[in-house]
Q: 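I have a structure I would like to understand better, so I am pasting it below and will then ask my questions one at a time.
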Amino acid sequence: MEFNCPMCGKHYQAGDDLAGKMVNCRTCGHAFPVPRLTSNGGTSTGEDPFANESLASGVDSTANSDDRFAAGEVQVTSAPVTMRGGQSSDGVARTSDEIDYEIFGHETQYVEITLDPGEQTIAEAGALMYMTSGIEMATVFGDPSKQDSSLFGKVLSAGKRALTGEALFMTTFTNQSNARAQVAFGAPYPGRCIPLHLDQLGGEVICQKDAFLCGARGITVDIAFQKKIGAGLFGGEGFIMQRLRGDGIGVIHAGGTMMYRELDAGETIRLDTGCLVAMGPTVNYDVEFVGGLKNAFFGGEGLFLATVRGPGPVWLQSLPFSRFAGRLAAAIPSGGNTRKGEGSLLGGFGEMFMGD
């Protein structure tokens with residue numbers, strides 16, 4: 001029997017005895033039921049994993065209930081869980097804490113980490129959304145996994161983080177209680193939160209500079225130098241990228257919608273230079289000229305395209321933040337309070353009659 005993960009699309013082959021059982025995707029961690037064989041030889045999940053997760057569940061947003069909202073009688077429910085998972089209980093000794101996670105929402109997500117007593121998660125400064133009682137927050141200089149090093153080592157670690165576009169400080173959240181506790185982190189802009197099980201990905205993933213959001217204690221956030229001059233100058237990611245190492249779970253963030261692909265040896269994808277989110281260490285990253293003067297100057301994609309060549313995994317994003325910011329910047333008036341009239345030949349003069 002063959003089937004794909006409904007979240008990231010990873011292809012699996014399994015025996016028929018697994019049909020109907022819940023499994024976790026080894027790539028993205030998403031929990032889903034293995035499809036059942038149908039009478040015509042196809043497969044069917046037999047159930048919708050999100051059938052009971054409605055955005056409007058328990059919410060009455062009619063005008064007549066506005067006073068009830070104001071009085072706190074009606075609560076808006078949380079966004080649906082779009083992905084959940086955790087460290088597999090396979091008995092393997094790990095240096096990283098074995099955390100569990102749930103990712104909520106679709107367009108603008110947040111991730112909730114559940115910690116057992118004594119466990120800790122690390123996160124970028126400013127990423128916190130909320131934490132329950134029992135969680136203790138601490139700010140550390142440099143990499144939290146290297147706090148036992150000398151002052152020079154801490155300064156070097158912080159300097160490396162600055163080169164990757166991150167803050168000099170990171171924040172740790174430790175469960176100091178005797179029960180399980182939760183801490184949640186919000187995405188910095190619209191997109192997807194992607195859990196990376198590093199122990200199942202060879203212990204290392206290379207990401208764009210500001211991709212890391214949070215992860216288990218024991219993960220090292222370091223720098224990766226782009227060795228090829230062309231890729232460093234024109235590849236969109238620059239010479240410095242992030243390198244995540246360890247055997248735990250790390251969560252990164254991508255803009256728009258994420259695409260995952262496992263490249264075979266020699267298999268190549270050409271992509272916009274800003275659309276690469278992460279790749280395995282065995283993937284070759286380079287750039288090539290887009291070809292043709294009209295394509296180069298009027299195609300809107302710049303002079304170069306990035307290329308990734310397998311073997312190994314790659315993660316792509318549909319909306320790089322630079323593209324998102326560029327559209328916002330283009331819509332901002334160049335000076336004063338003048339507004340840009342979109343889609344109108346009359347421009348600002350037409351707004352006198354047409355409003356917004």
Q: Taking all atoms of both residues into account, what is the closest heavy-atom pair of Cys214 and Val111, and its distance?
A: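 Scanning both residues completely, I find the closest heavy atoms to be SG-CG1, 3.9 Å.
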Q: What are the two closest non-hydrogen atoms of Arg245 and Leu198, and how far apart are they?
A: C-CD1, 3.9 Å
Q: Main chain of Thr257, side chain of Ser318: is a donor-acceptor contact present, judged purely on distance under 3.5 Å?
A: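 Indeed, once roles are kept as given, a pair shorter than 3.5 Å links the two residues.
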Q: A side-chain contact here means heavy atoms from C-beta on lying under 4.5 Å apart; do Tyr285 and Met279 qualify?
A: yes
Q: Is there a path of hydrophobic side-chain contacts, each under 4.5 Å between heavy atoms of I, L, V, M, F, W or Y residues, that connects Phe324 with Leu271?
A: no
Q: Do Phe185 and Met137 share a hydrophobic cluster (ILVMFWY, side-chain heavy atoms under 4.5 Å, transitive)?
A: yes
Q: Using the rule given for side-chain contact (heavy atoms from CB on, under 4.5 Å), can you reason through Val205 versus Trp315, listing the C-alpha separation, both sets of side-chain angles and the distance that settles it, and then say yes or no?
A: CA-CA 10 Å; Val205 172; Trp315 291 263; 4.2 Å; yes
Q: With clusters defined by side-chain heavy atoms of hydrophobic residues (ILVMFWY) lying less than 4.5 Å apart, directly or transitively, does Tyr110 cluster with Phe321?
A: no
Q: Quick one: does any side-chain atom of Glu119 pair with a main-chain N or O of Arg180 as donor and acceptor, under 3.5 Å?
A: no
Q: Please confirm whether Phe212 and His253 have ring centers closer than 6.0 angstrom.
A: no
Q: Picking from Arg84, Glu112, Gln109, what satisfies side-chain contact (heavy atoms from CB on, under 4.5 Å) with Ile103?
A: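 Of all the options given, the one that passes is Gln109.
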Q: What pair of heavy atoms forms the shortest contact from Leu263 to Val308, and how long is it?
A: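 Shortest heavy-atom contact: CD1-O, 3.9 Å.
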Q: Tell me whether Val277 shares a hydrophobic cluster with Tyr260, the cluster being built from Ile, Leu, Val, Met, Phe, Trp, Tyr side chains joined at under 4.5 Å.
A: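 As far as the 4.5 Å side-chain criterion goes, Tyr260 and Val277 are connected within one cluster.
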Q: Do we see a donor-acceptor contact under 3.5 Å between the side chains of Gln87 and Asp97?
A: no
Q: Determine whether Leu196 and Leu201 make a side-chain contact, defined as any pair of heavy atoms from C-beta on separated by less than 4.5 Å.
A: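 The answer is yes, as the side chains (C-beta and beyond) meet within the 4.5 Å cut-off.
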Q: So, do Gln317 and Arg192 sit near enough that their side-chain heavy atoms are less than 4.5 Å apart?
A: no
Q: Taking side-chain contact (heavy atoms from CB on, under 4.5 Å) as the criterion, tell me which of Thr121, Thr132, Thr171 meets it with Val183.
A: Thr121
Q: For Pro117 and Ser177, work out which heavy atoms get closest and say how close.
A: CB-O, 3.3 Å
Q: Could you verify whether a donor N or O on one side chain and an acceptor N or O on the other, from Asp286 and Thr307, lie under 3.5 Å apart?
A: no
Q: Linking I/L/V/M/F/W/Y whenever their side-chain heavy atoms sit closer than 4.5 Å, directly or via other members, would Leu276 and Val283 fall into one cluster?
A: yes
Q: Please report the interatomic distance CD(Glu98) to CG(Leu115), rounded to the nearest 0.5 Å.
A: 12.5 Å
Q: Considering non-hydrogen atoms only, spot the tightest contact between Ile249 and Gly86 and give its length.
A: CD1-C, 3.6 Å
Q: Looking at Gln176, I'd like to know if its CD atom is crowded, meaning that more than 12 non-hydrogen atoms belonging to other residues, nucleotides or ligands lie closer than 6.0 Å.
A: yes
Q: When rounded to the nearest 0.5 angstrom, what is the spacing between CE in Met131 and OG1 in Thr174?
A: 10.5 Å
Q: Check the side chains of Gln182 and Glu102 for a donor-acceptor pair under 3.5 angstrom, ignoring hydrogens and angles.
A: no
Q: I need the minimum non-hydrogen distance between Ile219 and Ile122, along with the two atoms involved.
A: O-CD1, 3.8 Å
Q: Would Glu267 and Arg309 count as a side-chain contact (heavy atoms from CB on, under 4.5 Å) if you check the C-alpha gap in whole Å, the side-chain angles of each, and the deciding distance to 0.1 Å?
A: CA-CA 6 Å; Glu267 183 180 359; Arg309 181 176 294 107; over 6 Å; no
Q: Under 4.5 Å between any side-chain heavy atoms of Pro311 and Asp264, yes or no?
A: no
Q: Hey, mind stepping through Asp222 and Thr220 against side chain to side chain donor-acceptor pair (under 3.5 Å) and telling me if it holds?
A: CA-CA 6 Å; Asp222 210 337; Thr220 300; over 6 Å; no
Q: Which value, rounded to the nearest 0.5 Å, describes the distance between Asp210 atom CG and Tyr189 atom OH?
A: 5.5 Å
Q: Measure the shortest side-chain to side-chain distance between Pro80 and His106 over non-hydrogen atoms and say whether it is less than 4.5 angstrom.
A: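 Pro80 vs His106: side chains touch.
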Q: Taking the side chain from Asn175 and the backbone from Asp116, do they hold a donor-acceptor pair closer than 3.5 Å?
A: yes
Q: For Tyr130, give me all partners under ring pair (Phe, Tyr, Trp, His ring centres under 6.0 Å), at least two apart in sequence or on another chain.
A: none
Q: First locate atom CG of Asn284, then atom OG1 of Thr268, and finally report the distance between them rounded to the nearest 0.5 Å.
A: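 Reported to 0.5 Å precision, the distance equals 8.5 Å.
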Q: I want to check something: taking the side chain as every heavy atom from C-beta on, are Met241 and Ile223 in contact at a cut-off of under 4.5 Å?
A: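 With C-beta onward as the side chain, the pair stays apart.
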Q: Out of curiosity, Cys207 SG to Arg243 CZ, how far, rounded to the nearest 0.5 Å?
A: 10.5 Å
Q: Which pairs with one or both residues in residues 127-140 pass salt bridge (Lys or Arg N to Asp or Glu O under 4.0 Å), sequence neighbours excluded?
A: none
